[in-house]
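Comments concern the structure below.
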Amino acid sequence: MNKLTPPGVSSSYVFSTPESSTPMATNCTDYEPSRIEAHWREYWDRNGTFRAPDNSDKPKYYVLDMFPYPSGAGLHIGHPEGYTASDILSRYKRGRGFNVLHPMGWDAFGLPTEQYAIKTGTHPSETNARNIVNFRAQIKRLGFSYDWSREIDTTDPGYYRWTQWIFLQLFKRGLAYVDERPVWWCPELKTVLANEEVIDGRSERGDHPVERRNLRQWVLRITAYADRLLEDLKSLDWPDSTKRQQEAWIGRSEGAEIEFPVADTENETLKVFTTRPDTLFGATYMVVAPEHPAVRNIVTPEYREAVDRYVRQATQKSDLERTDLAKEKSGVFTGAHAINPINESRIPIWVADYVLISYGTGAIMAVPAHDERDYEFATTFDIPVIQVIQNPGAPAEERDQPPYTGPGKLINSGSFSALDSDEAARRITERLAEEGRGRATVQYRLRDWLFSRQRFWGEPFPVVWIPEEDYDRLEPHLRPEQPVHYRSEGRGWYAAALDESQLPLELPEVESYQPSGTGESPLANESAWVDVWYDTRTGATIAATEPKPDGDRWISARRETNTMPQWAGSCWYHLRYLDPHNDQAPVDPKLFEYWGTPDYYIGGAEHAVLHLLYARFWHKFLHDIGVVTDPEPFKKLFHQGIILGEDGEKMSKSRGNVVNPDSVIEEHGADSLRAYLMFLGPLEAMKPWKSQGIEGIVRFLKKVWREVIDREGNRQGKIVDGEETDSQTLRLLHETIKKVGEDIEALRLNTAISQMMIFVNHIQKTDTVSLDTARTLVRLLAPFAPHLAEELWERLGGSPSVDHAPWPEYDPARLESETVKVVFQVNGKFRGDALVAKSADQDAVLATAREQDRVAAHLDGKNIRKVIYVPGKILNIVAT
RNA sequence: GCCCGGAUGGCGGAAUGGUAGACGCUGCGGACUUAAAAUCCGCUGGCCGUAAGGCCGUGGGGGUUCGAGUCCCCCUCCGGGCACCA
């Protein structure tokens with residue numbers, strides 16, 4: 001019926017009648033990217049071409065980009081790399097009949113904006129708004145098919161209201177608490193820095209030295225999810241390296257907790273964690289971390305001075321100094337001894353900074369014969385080494401050379417001797433458990449998440465601090481499962497929840513963004529905001545500057561002045577896109593039911609553990625409280641590689657090798673930039689930019705243009721109506737449909753473009769090409785160069801948008817041919833080829849091969865020993 | 001130190017165990033042009049050869065196989081992650 005459609009190509013293209021509608025394409029005669037791109041960008045905007053309707057019978061497909069921090073520096077070339085890949089996938093999936101959700105937004109809380117505010121006094125929201133306008137314009141210039149009606153901004157109170165809401169749920173369920181912790185303090189910047197803002201002991205911004213200070217911090221109990229975060233990794237389709245990084249970060253290890261009584265004390269004991277309870281008989285000393293609270297209690301008078309001095313020194317060292325492996329082990333004896341619970345032997349207790357207070361119990365049993373660190377320490381301080389495991393593998397002369405850290409048979413271990421270490425570990429743990437002196441446990445390297453920052457530009461915490469004497473009056477729904485309490489200057493305070501109706505708790509206007517210098521956020525100076533009357537029954541607040549309302553349920557309270565870290569907003573943004581304007585819930589469950597979690601998540605590998613772990617944690621929590629029905633947020637993840645400067649070095653202002661997307665677009669057009677970014681190499685690879693290289697892509701797009709549009713701006717005369725008649729063209733077309741589709745699905749976008757180049761090079765050499773072939777080519781090109789494709793699509797009689805036209809199907813029958821090329825080898829070396837009938841058998845092919853002079857020459861004087869024939873591929877003659 | 005990933009022409013890269021170098025850049029030669037640009041055509045891994053063709057060649061060394069860039073073992077270099085986690 002539809003004669004315009006080549007066999008196997010879907011036939012439901014809709015064509016407009018040019019006379020009855022205003023012309024929508026430009027009238028360019030040459031390929032003029034700037035005109036064409038501006039024209040179609042405007043068309044898409046006006047028509048809402050990429051709106052993703054919530055009510056659709058189509059299956060959904062959700063493609064998510066990691067949203068950017070809208071910095072004042074503008075778009076970096078790395079942004080459009082990932083964004084182009086996801087856009088190609090989105091446009092392809094639309095062609096495949098999916099209702100595609102492809103949103104964009106702004107991760108806009110952040111340090112640079114605040115630093116700018118400190119310097120200039122400009123409100124961060126003002127700077128932010130300006131940066132977003134700039135970023136949005138830059139992103140739009142690339143022609144991405146985002147549904148801009150779903151744009152979100154983490155600093156918008158309408159958004160962070162729900163970030164605060166999620167925090168409240170965490171708080172109420174006992175997953176948020178406060179703790180006094182050492183944090184990085186930068187005296188020069190007069191502020192606390194997050195771990196990720198400290199590089200090698202200096203501030204990321206300004207390169208100033210930083211030091212440790214103890215401050216009261218909010219902490220999220222991510223460790224409660226450690227097991228699930230680890231276990232569920234297995235189900236994710238993520239790059240292996242990223243999964244491994246998360247696995248290592250969580251760092252699960254199985255072992256035992258063992259209690260060592262301290263000799264000559266009432267009932268002081270030291271609890272240790274070990275993964276090797278089988279080596280317990282080899283414990284010749286113990287070590288406690290300098291910060292360990294037991295140090296003060298166990299140290300004997302004659303050692304007190306030395307221990308005090310050592311502890312003081314250790315705590316003053318930076319983490320960097322303490323973890324410097326090159327340095328010698330240090331430590332001091334406490335004068336105290338512990339009793340090994342398995343054999344009652346008396347062993348000395350030392351303090352040493354190679355034991356960390358933050359892991360396990362902050363104390364270890366040291367087994368120098370079977371642990372490298374303990375061995376190094378023991379040899380430094382002349383502590384005995386007792387071998388308890390025999391190395392089964394090594395040659396005899398090395399066998400008993402300590403330290404041996406592998407498994408083996410136990411020796412010198414009483415009734416446990418001769419057992420294998422695995423078995424012994426189990427039995428020794430059992431024995432200790434029976435006696436109440438130990439138990440099997442699991443430890444994680446993962447620490448609870450330090451969640452507060454002493455900054456202005458972040459989400460305020462939706463809690464107040466109330467005096468401890470008022471806590472009894474607090475209604476249960478405003479209390480967390482575990483009370484959150486701290487003492488300061490002789491007074492005790494409890495944290496109490498704001499009522500949800502109080503959200504969003506907005507940032508106040510402040511006089512100065514300058515940190516107070518005491519380790520508090522600038523908010524601490526704003527007493528008009530900080531001091532409130534708090535309703536212990538409803539969780540409502542009013543400013544303390546107002547008269548206190550009647551009734552004894554109102555009490556005086558102080559707001560929390562820390563703010564949340566930048567990671568908070570990005571922990572759940574993938575959900576907000578589904579329902580960006582909802583003021584009743586973070587996301588409507590009905591909309592979640594339809595859209596679900598992203599089907600594809602594309603972004604940089606630099607967030608392998610931070611954002612991707614935090615977001616999994618929050619998502620699992622939201623799953624637990626019934627907000628979402630799916631326990632994982634990102635099932636399929638892809639990391640785009642880094643683009644280096646032309647010199648092969650990382651792009652940086654100081655090197656002067658930065659490529660600015662805007663100037664590339666100005667020079668060559670957005671379509672060329674998009675296609676070139678994809679053509680550079682495999683998406684996941686690190687690869688250098690070459691400004692000359694883009695010329696090849698520009699030539700390719702120009703070539704496509706000229707194959708379709710002649711110099712007068714009309715359709716090329718060589719394009720003829722009707723089916724494709726040239727069988728070679730048809731086969732190559734179907735090969736191209738197949739390869740481009742498969743390559744897009746696997747994000748092999750460089751080879752997809754190569755294939756289209758091969759095809760265009762081919763039709764350039766033909767005298768005629770059918771209209772359907774031309775349309776199919778344009779359809780395939782559309783995800784890569786959407787502006788050009790829209791233009792050509794319409795000028796070939798198609799109706800915009802090309803994005804809504806169905807993706808062509810290839811016909812497997814068209815890929816077959818009667819004859820196949822078989823390669824001839826003699827002894828594995830290429831000696832010619834020939835086209836043979838597909839049905840030809842080995843003998844026939846061998847005969848053909850032997851007729852060739854070149855093959856014959858290499859067989860001359862030899863006997864054929866063997867012939868290997870892979871039908872349709874290769875014939876290898878083994879001859880000697 | 002441990003754990004990953006990688007190494008292919010002058011360059012970016014392509015190759016289900018089956019013609020290594022697709023596609024593109026660069027370079028060279030040619031067509032068109034008064035000329036240039038643009039465009040088009042041809043060549044472009046090394047060595048030998050007028051050519052046909054031959055030999056060598058995917059970081060280095062071994063192995064498996066009729067056949068290895070691809071699989072296995074050892075080594076070198078580069079990139080990334082972790083780093084006293086008991």
Side-chain angles (χ1 to χ4, degrees), chain A residues 30 239-249 251-253 255 272-276 279 286-287 289 322-327 329 352-356 358-367 370-374 376-377 405 443-447 605-606 608-609 641-642 644 646 648 675-676 679-682 684-697 699-700 702-703 706 748 750-761 764-765 821-833 853-854 857-858 865-870 872-879:
Chain A
D30 294 325
D240 272 344
S241 58
T242 302
K243 286 208 225 182
R244 265 193 295 269
Q245 271 184 61
Q246 290 213 352
E247 218 176 284
W249 190 265
R252 182 180 199 275
S253 44
V272 303
F273 173 73
T274 178
T275 55
R276 294 295 301 272
T279 62
M286 296 187 75
V287 183
R322 282 187 53 173
T323 58
D324 187 357
L325 267 180
K327 79 167 168 51
K329 290 263 184 297
D353 66 3
Y354 81 95
V355 169
L356 309 176
S358 51
Y359 183 79
T361 61
I364 63 159
M365 65 178 211
V367 185
H370 305 291
D371 182 283
E372 284 169 20
R373 298 151 301 184
D374 296 345
E376 192 191 329
F377 191 85
T405 58
Q443 278 290 332
Y444 295 92
R445 212 188 70 115
L446 184 70
R447 311 286 153 76
E606 66 274 18
V609 281
I642 292 169
L644 305 171
E646 292 214 52
Y676 183 56
F679 188 65
L680 272 176
E684 67 277 17
M686 180 187 279
K687 59 232 163 208
W689 176 270
K690 297 278 173 201
S691 49
Q692 260 178 341
I694 197 171
E695 303 285 350
I697 288 289
R699 276 200 270 269
F700 167 64
K702 274 186 191 164
K703 212 185 279 188
R706 197 49 85 204
R748 292 186 300 252
N750 53 331
T751 50
I753 293 172
S754 295
Q755 183 64 35
M756 288 189 280
M757 286 175 166
I758 291 168
F759 184 69
V760 172
N761 288 345
Q764 198 176 29
K765 293 185 173 74
K821 187 164 89 170
V822 172
V823 165
F824 301 141
Q825 294 182 344
V826 177
N827 292 332
K829 286 197 169 149
F830 174 82
R831 300 299 177 195
D833 57 42
D853 293 346
R854 196 172 160 193
H858 284 277
R865 300 283 173 199
K866 195 171 174 184
V867 175
I868 291 105
Y869 181 53
V870 182
K873 279 236 162 107
I874 197 157
L875 180 86
N876 189 13
I877 304 167
V878 184

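Basis for what follows: all heavy atoms, side chains included, without hydrogens, waters or symmetry-related copies. On a predicted model such as this, the values are computed, not experimentally measured, just so you know.
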**Prompt:** How is A:V878 classified with respect to the nucleic acid when contacts are heavy atoms under 4.0 Å: base, sugar-phosphate, or nothing?
**Reply:** sugar-phosphate

**Asked** Does the pair A:K866 and A:N876 meet the rule for a side-chain hydrogen bond (donor to acceptor under 3.5 Å, both in side chains), with working shown?
**Response** CA-CA 8 Å; A:K866 195 171 174 184; A:N876 189 13; over 6 Å; no

**Asked** Rounded to whole angstroms, how far apart are OH on A:Y444 and C1' on B:C82?
**Response** 19 Å

**Message:** Tell me which nucleotide, if any, is Watson-Crick or G-U wobble paired with B:A37 when both distances must be under 3.5 Å.
**Reply:** none

**Message:** If the cut-off is 4.0 Å, is A:N750 near the phosphate of B:A14, judged by side-chain N/O to OP1 or OP2?
**Reply:** yes

**Message:** Looking at A:W689, I'd like to know if its CH2 atom is crowded, meaning that more than 12 non-hydrogen atoms belonging to other residues, nucleotides or ligands lie closer than 6.0 Å.
**Reply:** yes

**Message:** Say we look at B:G6 and B:U58: how far apart would their C1' atoms be, to the nearest angstrom?
**Reply:** 14 Å

**Item:** Euclidean distance, atom CZ of residue A:F679 to atom C1' of B:A22 [Å, nearest integer]
**Value:** 10 Å

**Asked** Within less than 4.0 Å of OP1 or OP2 of B:A38, is there a side-chain N or O belonging to A:R706?
**Response** no

**Prompt:** Phosphate oxygens OP1/OP2 of B:U26: is one of them under 4.0 Å from a side-chain N or O of A:R699?
**Reply:** yes

**Fill in**
Relative to its sugar, using the 90° cut-off around 0, the base of B:G54 is anti

**Complete:** Of the listed B:A15, B:C40, B:G24, the closest approach to the A:T751 side chain comes from B:A15

**Request:** Calculate the interatomic distance between A:L356 atom CG and B:A83 atom P; express it in whole Å.
**Result:** 11 Å

**Request:** If B:U70 has a Watson-Crick or G-U wobble mate with both distances under 3.5 Å, name it; if not, just say none.
**Result:** none

**Message:** Counting the atoms with a prime plus P, OP1 and OP2 as sugar-phosphate, which does A:L680 contact under 4.0 Å by heavy atoms, base, sugar-phosphate, or nothing?
**Reply:** sugar-phosphate

**Prompt:** Among side-chain atoms of A:E646 and A:S691, is any donor-acceptor pair under 3.5 angstrom?
**Reply:** yes

**Request:** Provide the Watson-Crick or G-U wobble partner of B:G45, both distances under 3.5 Å; none if there is no partner.
**Result:** B:C56

**Request:** Round to the nearest Å and state the distance from A:R244 atom CZ to B:C82 atom P.
**Result:** 14 Å

**Request:** Mind checking A:R447 for me? I need base, sugar-phosphate or nothing, with any heavy atom below 4.0 Å counting as a touch.
**Result:** base

**Asked** Now, which nucleotide makes the Watson-Crick or G-U wobble pair with B:C2, with each of the two distances under 3.5 Å?
**Response** B:G81

**Request:** Give the intermediate values and the outcome of side-chain contact (heavy atoms from CB on, under 4.5 Å) for residues A:F824 and A:R854.
**Result:** CA-CA 10 Å; A:F824 301 141; A:R854 196 172 160 193; over 6 Å; no

**Message:** What's the gap between B:A68 and B:C55 when it is taken at their P atoms, as a whole Å value?
**Reply:** 15 Å

**Asked** Over how many whole Å does the gap from A:F377 atom CZ to B:A86 atom P extend?
**Response** 19 Å

**Prompt:** How close or far is atom C1' of B:G80 from atom NZ of A:K243, stated in whole angstroms?
**Reply:** 19 Å

**Prompt:** Nearest to the side chain of A:Q764 - B:C23, B:G81, B:C41?
**Reply:** B:C41

**Item:** Parallel, tilted or perpendicular: ring planes of A:F377 versus A:Y354, cut at 30 and 60 degrees
**Value:** tilted

**Request:** Look at the side chain of A:R831 and decide which nucleotide, out of B:A86, B:G54, B:C84, has an atom nearest to it.
**Result:** B:G54

**Item:** A:K702, nearest nucleotide to its side chain (from B:U39, B:A86, B:C23)
**Value:** B:U39

**Prompt:** Within the structure, does a side-chain N or O atom of A:K687 lie under 4.0 Å from either OP1 or OP2 of B:G24?
**Reply:** no

**Message:** Pairing check on B:A86: which nucleotide meets the Watson-Crick or G-U wobble criteria with it, both distances under 3.5 Å?
**Reply:** none

**Message:** Distance check, P atoms only: B:G60 and B:A83, in whole angstrom units.
**Reply:** 35 Å

**Request:** Report yes if a donor N or O on one partner sits less than 3.5 Å from an acceptor N or O on the other, where the partners are the side chain of A:K690 and the base of B:U26; otherwise report no.
**Result:** no

**Request:** Quick one: label A:E372 by what it contacts on the DNA or RNA (base, sugar-phosphate, nothing), any heavy atom closer than 4.0 Å.
**Result:** nothing

**B:G53 phosphate, OP1 or OP2, under 4.0 Å from A:H858 side-chain N/O** = no

**Item:** Pairwise P distance for B:U50 and B:A36, with rounding to whole Å
**Value:** 34 Å

**Complete:** Quick note, A:I758 side chain, CB onward, closest among B:C40, B:C23, B:U39 is B:C23

**Message:** For a side-chain contact (heavy atoms from CB on, under 4.5 Å) check, start with the C-alpha distance between A:H858 and A:I877, then their side-chain angles and the critical distance, and finish with the verdict.
**Reply:** CA-CA 10 Å; A:H858 284 277; A:I877 304 167; over 6 Å; no

**Message:** Mind checking if A:Q825 touches a base, just sugar-phosphate, or nothing, with heavy atoms under 4.0 Å?
**Reply:** base

**Message:** I want to verify a distance call: between B:U26, B:G18, B:A86, whose nearest atom is closest to the A:Q692 side chain?
**Reply:** B:U26

**Distance below 4.0 Å between A:R445 side-chain N/O and B:A86 OP1 or OP2** = no

**Request:** Take atom CD of A:Q246 and atom P of B:C4, then tell me their distance rounded to the nearest Å.
**Result:** 18 Å

**Request:** Evaluate side-chain contact (heavy atoms from CB on, under 4.5 Å) for A:D374 paired with A:K329, printing each intermediate quantity in order.
**Result:** CA-CA 9 Å; A:D374 296 345; A:K329 290 263 184 297; over 6 Å; no

**Item:** Evaluation steps, side-chain contact (heavy atoms from CB on, under 4.5 Å), between A:I364 and A:D371
**Value:** CA-CA 12 Å; A:I364 63 159; A:D371 182 283; over 6 Å; no

**Request:** Check whether any side-chain nitrogen or oxygen of A:S253 sits under 4.0 Å from OP1 or OP2 of B:A86, and answer yes or no.
**Result:** yes

**Contact under 4.0 Å: A:N761 side-chain N or O vs B:G24 OP1/OP2** = yes

**Asked** When you match A:R252 and A:N876 each to their closest nucleotide on RNA chain B, which lands nearer the 5' end?
**Response** A:N876

**Request:** Give a yes or no answer on whether the side chain of A:K687 reaches the backbone of A:P682 with a donor-acceptor pair at less than 3.5 Å.
**Result:** yes

**Item:** Upstream residue (5' side of RNA chain B) when A:R748 and A:K765 are each assigned their closest nucleotide
**Value:** A:R748

**Prompt:** Does B:A14 have a Watson-Crick or wobble partner in any strand here, with both distances under 3.5 angstrom, and which is it?
**Reply:** none

**Item:** Atom-to-atom span, CE of A:M756 to P of B:G24 - whole angstrom
**Value:** 13 Å

